[in-house]
Amino acid sequence: MRKPLVSAVLTTHREGLILGATLKSIARSIALAERNRQPVELLVSLDRADTLTRDVVMDFAERMETRVFENDFGDLSLSRNRCIENASGEFVAILDGDDLISNNWLSDAATTAGRDARPTIWHPEVNVVFGEHNHMFRHIDAEDDEFDPLMLIATNPWTALSFARKAYFEALPYTPIQLASGIGFEDWAWNREAVAAGYLHKVVKGTGHAIRRKAISLAKLTTQAKALPAPTEFFRAELEKRAALRSSRDHRRMFLEPSLSVA
Amino acid sequence: MAPLYQLRLGHQNQADRRDLALFGIVRNISSADWTSEHTIGVRHAVDKDGRCFQLQTEFRASVLAGDRSAGGASVFKILIPGSHLPEHCETLHVDVVNEGHHWLSDIAGAPASFNRTGQAIPPENTLRDEDAKLFHSFGIELASSGQLVDAIDWLCQAHRLDPDMDTLSEIRELIAAQLNPAPQIMPADGLTDTMRQIMLSGFFDPAWYLKRYGDLNPRFRGPLQHFAEFGGFEWRSPGPHFDTEWYLFQNPDLIPGVARRDLHPLLHYLNHGQHEGRSAAPPTGTMIKAVSNLLDDVMDLDPKFYATHDFDQIKSLPVANLVQATKSFRAFKRVFESIPKPYDYVVAVPWLVHGGADLMALNMARAITSVHGPRSVLILAVDHPRTDAMDWLPPDIDFLSLQPDGDLSTVEATEALLYFLQAAAPKCLINVNSMATWELFRVHGNALSRRLRMYGCAFCRDHNKLGRPAGYSDTHVGETLPFLTGLISDNSLFFRTLVDQFGVPPSLQGRFIALYNPPPSPVVWAKSETASVSVQGDYPAGFRVLWASRLTRQKNLELLQKIIKAAPDIIFDVWGRGEADEMLRDAGRSSVNLNVMGPYNRFDQLPLRQYGAFLYTSYWDGIPNVLLEAASADLPIVTSSVGGISELVTDASGWSIDNLSDPAPYVSALRTIRDDWGLAARRRLNMQRLLSTRHGWDKFVGDMKHTGIIREPSCDA
């Protein structure tokens, strides 16, 4: 196989037959990318998977080249990290076993990311939530006027299904979920740390994801456990800068303009 | 007993506590059981945090329409006043009380869980289409008889049950048929509040409005006023960026309110909708295109797409805004952007008033700055906008209010505080009586306890109007103590109460911290001054006793009045203010030995030299600051022995009376002070020793350090 441009990383657990739709969706997106001469490899993590889920994956792997990793983490973050470590592509696309993607996601994301040399995490332009409480929402582009980094304290503006250079994921590995310790929302924490590390979050126009909302989900369990995203020093660092700037202004006024009193 | 139906409320009813209309259908199995009136019992309400409130209220509802034949259905509506419901009510449990074979199929869109016989039925209403038609036909009947507002209520219910009926378009047509392009409007004298809010929102474009709505009389002046008083209710849009019709189609729960003119769509969006993530206008063309492409790609992959009609009309799909300008977020943002630096220490208070707990908060903040330097601590007022006591705030302690306008609910304040703590990442949070902060401990204590040190303060068991213990030590300490680094009180006797009440094991008792407050405004007599004549035991003007505190129920004013009545040989000056002020003044008019002196600002500014003793009465307390002040003023003290008081006032340092109703021991103690100057002097001396050892400022700071509340910067993880 040619060296892949994109490594699509899919984490699975116990999706069962639902996974079949996800794999079909991914296969279509890979096929479009291949037609555009953008080779894609698929890495699938089976993390404490049940028999049915494993069978679905292995059956799929008979028809399409797939690298399968059996894991015993019980943790989405660790599953992703393992696949990312083993990825051969220049870019990595994070995918989820419950969800579906637009056919153009992998190809358009690769094209857009390839043209922009800035350290950027790419997201689909739109999301449609189905299953419970159908609705749609768009991802915000960090270069839009309405984006305010402070909103990351209150909300997670982007889903976990992002696309970026492998090196960025390696520089920022996902942190394990620790619900018992009140730590969850690993994708929210990751997005925060990416902003703190200076990465831009941007959208790939014309692309979308369909996100399955289930009655029982990790997000709901996390909310019920009253967990919070892992702590971040990003905002406090802004306060340190503010204090330093103020102190430097006072210092300048004291020594350069001695006739003025310090406020 | 009737089975309970679980009714999930739409979020507009959760937040606003508006009157809640329930629409229902009851199907009679037997025509013999037909009744013209149903009784609906609203049994419980559950709020957003899962707290269950017993309501047990019954409402009668007349049958409005129906079919008496066997299996026929009858339609009814009841109105529950918003005042009956708790704040942020999410779920109601409801039953139908009537005898007979009833099958409750739906109330306001909630899936019914049981039928009368207790059999579970599927969440999907299997007769949904039939019920929708019944609501619809009743609504059309009302519309044709001119009852437009009621008609819209029922048509909205029909839409709820069966969105495919396109009932909303029918409603739009009914509204359009009633448009009044040239209403008689009295020109507004200046801008009304509504007009001002609309104008400042930026959504209203007068030129666009007049051009868009050509039916308006071209000579009509005042498009802003027209939109505010008529146009919004007619589903007209204010400008290109707010689509009223789309907003109401997306949120049909608002339509009845608009029809009744209770609710202006744009104002709803400005005041609520945007905070709830509702969109002002349809998604942009590129978003629609991207969603359309996505749906084309995935439609065949999952029956939730291809086996339903939910995704047939993209424009009807609800749009959620991830970016939310909630009140909690805005409050947090304002505070975060105001602070000039990071703080390692935050002291949370409900407000800043001239109270005992506020003084404790200030003492702790001063202690922190004495170790860590100026501006090393932030005092954050979380629950109320009151800041009467800014004069108490030293200049080297920073203070901010989370809600200067007092517009946050407890839930919103808790949320804003949670955001602030995650962003500002202090090392230590001390809560002195803030409700929202206690709630934060209760809900997020587990997660937060691993990120910062958290301390709660509890001084005594506060009681409610019925005399039941209902303070934070009862409502919150039990659930939160496992997450707190420490629980602080101003006396150690209170901890024994907690151990007795909650069975706190020794492993958690280690978190109890007693911090003894220094006197708030110590009275220092200059050595050159002679002591007051009253201290020397000579009372030419009569033996005068000082009582000074808040005039509230807590202070056992009934006992005070009994003491005054039982001691006509003693003069009582009562200082203070509160809810019992009038009652006391009435008593003062009929008692020659009672002077009601009015409020005071500082204890040390009272004419202390006139007094031979200080009297204190109370039902419950920690160690009240006024006792420390009286002790500091070298006044002999007679007090009720409640809470932590007996740690300060013992038989060696004063007179502590273990009786809350009999005035006799208090009178006896006061007369002893008057008649036995030597005994009074010995107890005063013991009190001074106690003050200087246990209640000194250096000890206070030292205790905060050695208990770990104040740490060296390098020690804070």
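Quick note on labels: first sequence line is chain A, next is B, and so on, each numbered from 1. Just so you know, these numbers come straight off a predicted model, no measurement behind them.
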Looking at B/L295, B/N293, B/L294, which hits side-chain contact (heavy atoms from CB on, under 4.5 Å) with A/S102? B/L294
Closest approach of [X] to [Y] (non-hydrogen atoms, all atoms of both residues):
X: A/P229; Y: B/Q422; answer: CD-OE1, 3.9 Å
X: A/E125; Y: B/A290; answer: OE1-CB, 3.6 Å
X: A/V128; Y: B/F311; answer: CG1-CE2, 3.6 Å
X: A/M136; Y: B/L317; answer: CE-O, 3.8 Å
X: A/N104; Y: B/D297; answer: N-OD2, 4.4 Å
X: A/R138; Y: B/M287; answer: N-CE, 3.8 Å

Heavy-atom pairs under 4.5 Å with chain A are the metric here; pick the option from B/S449, B/A425, B/S328 that has the most. B/A425
Sequence neighbours excluded, which residues qualify as side chain to side chain contact (heavy atoms under 4.5 Å, CB included) partners of A/D98? A/E15, A/I18, A/D96, A/R212, A/K214
So A/L100 and B/F305, side chain to side chain contact (heavy atoms under 4.5 Å, CB included) or not? Walk me through it. CA-CA 12 Å; A/L100 310 173; B/F305 288 110; 3.9 Å; yes
How about B/K289: does its NZ atom have over 12 heavy atoms from other parts shown lying under 6.0 Å from it?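 Atom NZ in B/K289 is not crowded, with 12 or fewer foreign heavy atoms closer than 6.0 Å.
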Contact origin within B/D296 toward chain A - heavy atom pairs under 4.5 Å: neither
Verdict with reasoning, B/F336 to A/I153, per side chain to side chain contact (heavy atoms under 4.5 Å, CB included): CA-CA 11 Å; B/F336 187 80; A/I153 276 294; over 6 Å; no
Quick one: what part of A/T207 sits under 4.5 Å from any heavy atom of chain B, side chain, backbone, both or neither? backbone
May I ask you to decide if B/P340's main-chain N or O and A/R246's side chain share a donor-acceptor pair within less than 3.5 Å?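 Not confirmed, A/R246 side chain does not pair with B/P340 backbone.
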Quick one: does any side-chain atom of A/R242 pair with a main-chain N or O of B/I339 as donor and acceptor, under 3.5 Å?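 At least one qualifying donor-acceptor pair exists.
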Heavy-atom pairs under 4.5 Å with chain B, option from A/E233, A/H209, A/E238 with the top count: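 If we count pairs closer than 4.5 Å to chain B, A/H209 comes out on top.
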Euclidean distance, [Y] [atom2] relative to [X] [atom1], rounded to 0.5 Å:
X: A/L228; Y: B/Y419; atom1: CG; atom2: OH; value: 10.5 Å
X: A/N134; Y: B/D310; atom1: CG; atom2: CG; value: 5.0 Å
X: A/L245; Y: B/K341; atom1: CG; atom2: NZ; value: 15.0 Å

A/D148 side chain near B/F329 side chain, heavy-atom distance below 4.5 Å: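 Side chain of A/D148 against side chain of B/F329, heavy atoms only: contact under 4.5 Å found.
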Just jot down the salt bridge (Lys or Arg N to Asp or Glu O under 4.0 Å) partners of A/R236, sequence neighbours excluded, or say none. A/E240, B/D344
